[in-house]
2 protein chains.
Amino acid sequence: MTGIDDVDYRILELLMDDARRSYRDIAEEVGRSPPTVSERVERLTEVGVIERFTLDVDRSRLVEGPTVLVDLAVQPGSEATVVEDLTDAPAVEHVIRTVDAAVVFVAHANERDVEELLSETLGDERVREYRVRLVSDRTWEPRLDEETLAIECVVCGKSVEGSDESVALGDRTYEVCCSSCASEIKDQYDALQQAASE
Amino acid sequence: MTGIDDVDYRILELLMDDARRSYRDIAEEVGRSPPTVSERVERLTEVGVIERFTLDVDRSRLVEGPTVLVDLAVQPGSEATVVEDLTDAPAVEHVIRTVDAAVVFVAHANERDVEELLSETLGDERVREYRVRLVSDRTWEPRLDEETLAIECVVCGKSVEGSDESVALGDRTYEVCCSSCASEIKDQYDALQQAASE
DNA sequence: GATGAAATTAGTTCAAG
DNA sequence: CTTGAACTAATTTCATC
């Protein structure tokens, strides 16, 4: 089974609004039974559409250390590893990679601590240039767009609706549109495993 | 009662990581009983530290427009309203304001749709300059800062620790540090109500 | 895919320290 | 502020459609 239908969509909306809402409530809202809701939520999580259940905290109410926004120009080709290393750094919260070899990230640190973070975590070879700005405010509005309706094939981007291929690799399941894309992703995964074990 | 202690802090961290984690689990982690956890979560919600329980959805799995990162230089003084208006825009997901009159946001839109968004939502008066970059990858690990320990007065910003003033206005409770700040916020609220009803 | 009933777990209330 | 115990409610399992 694959693709998101109206029921899934509505479940996502309801959980976005209150992630602790009971499955009974949701079941009533969407006209299904609690076990069905439970099962769908599980599937949505497995497929990766639901990344996590989380909390939205009003940081303006808390006395916090400074938050900075860092704009980073990296050595072309090193974007992927930079994103990976930054994500693992404890002070770093949000990492955004753009197509022009830039990586923007939000971290909880002093402006001057960033230098240390960059040289220690990334090393000078991968960083070309950077700019640090103090963050004064942040907002996040989780929302689904109206058009948001189908899952797309992780390989080719086509809609996955109707097909029934999924590939379990490591601890994740990937939805694909056809068997050709399925073997494509399997090959990629194997190559990565190979590389990692050498 | 007021102020956030280590136990509250740890509860927030645990819920951020998994907002559906059971209060029993949390109770065990923090060395308290389930009713205590339940009560503290309720208090944190009332006081406004917890804004909502929500879901983090992987939008890149869903068929929708590309994701862009927009760097905006705004007219000094208009930062607050710009943040507000952007937050309300449906395509905009994450807004970050920096201290140098810059606003950076992540939106789901075509690069060229951003122009429309900016001129329609913000108007030319508030936007000085902008730059749009296509996002290719993003990670987000919400986190609280280590120092996060006290609630601050919503009026004057001083720590509210030790005092015991709170003001119920509308459907929210505001924590303040003293009776003077309490009447300050009441006045503001009344003025707003007045304005809204006219 | 979906469900009702049963079994298991979770959450809340409350009297008491 | 906290808790254990009792009670109420939610979730999962599973046999069945």
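Quick note on labels: first sequence line is chain A, next is B, and so on, each numbered from 1. None of these values were measured; they are calculated from a predicted model.
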Give the rounded distance in Å between these two atoms: [atom1] of [X] and [atom2] of [N].
X: B/R32; N: C/dA10; atom1: CZ; atom2: P; value: 21 Å
X: B/D5; N: D/dC1; atom1: CG; atom2: C1'; value: 10 Å
X: B/R43; N: C/dT12; atom1: CZ; atom2: P; value: 16 Å

Please assess B/R143 against B/D17 for the test salt bridge (charged side-chain N to carboxylate O under 4.0 Å, His left out), listing each intermediate value before the final yes or no. CA-CA 8 Å; B/R143 227 180 295 247; B/D17 184 56; over 6 Å; no

Under 6.0 Å from the CD atom of A/E129, do we count more than 12 heavy atoms belonging to anything else shown? no

Please say whether more than 12 non-hydrogen atoms of neighbouring residues, nucleotides or ligands are located less than 6.0 Å from CD in A/E111.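 Buried by this count: over 12 neighbours within 6.0 Å.
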
Validation: residues 91-98 of chain B side-chain donor-acceptor distances under 3.5 Å, sequence neighbours left out:
{"residue": "B/E93", "atom": "OE1", "partner": "B/R59", "partner atom": "NE", "Å": "2.9"}
{"residue": "B/E93", "atom": "OE1", "partner": "B/H108", "partner atom": "NE2", "Å": "2.7"}
{"residue": "B/E93", "atom": "OE2", "partner": "B/R138", "partner atom": "NH2", "Å": "3.4"}
{"residue": "B/R97", "atom": "NE", "partner": "A/S136", "partner atom": "OG", "Å": "3.3"}
{"residue": "B/T98", "atom": "OG1", "partner": "B/D100", "partner atom": "OD1", "Å": "2.3"}
{"residue": "B/T98", "atom": "OG1", "partner": "B/A102", "partner atom": "O", "Å": "3.4"}

Got a sec? Which of residues 14-29 of chain B come in under 4.0 Å of DNA chain C, heavy atoms?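 Hits under 4.0 Å, by residue number: B/S22, B/Y23, B/R24.
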
Which residues in residues 33-40 of chain B have at least one heavy atom lying under 4.0 Å from any atom of DNA chain D? B/S33, B/P35, B/T36, B/E39, B/R40

Would you say A/L134 and A/V70 are hydrophobically clustered, going by side-chain heavy atoms of ILVMFWY under 4.5 Å?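 Hydrophobic grouping puts A/L134 with A/V70.
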
Does A/D8 reach the side chain of A/D5, with side-chain heavy atoms less than 4.5 Å apart?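 Result yes, sub-4.5 Å side-chain heavy-atom pair found.
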
So do B/T45 and B/R52 actually touch side chain to side chain, heavy atoms under 4.5 Å?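 They are not in side-chain contact.
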
Residue list, side chain to side chain donor-acceptor pair (under 3.5 Å) with B/R32, at least two apart or on another chain: none

Please find the pair of heavy atoms, one from B/R128 and one from B/V74, that lie closest to each other, and give the distance.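 Residues B/R128 and B/V74, closest heavy atoms: CD-O, 3.2 Å.
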
In degrees rounded to 10°, what angle is found between the helical axes fit to the five outermost pairs at each end of the helix from C/dG1-D/dC17 to C/dG17-D/dC1? 30°

Any pair with a residue in residues 78-88 of chain B that passes side-chain hydrogen bond (donor to acceptor under 3.5 Å, both in side chains), sequence neighbours left out, goes on the list, sorted by first then second residue, please. A/T139-B/T87, B/T81-B/R126, B/D85-B/R126

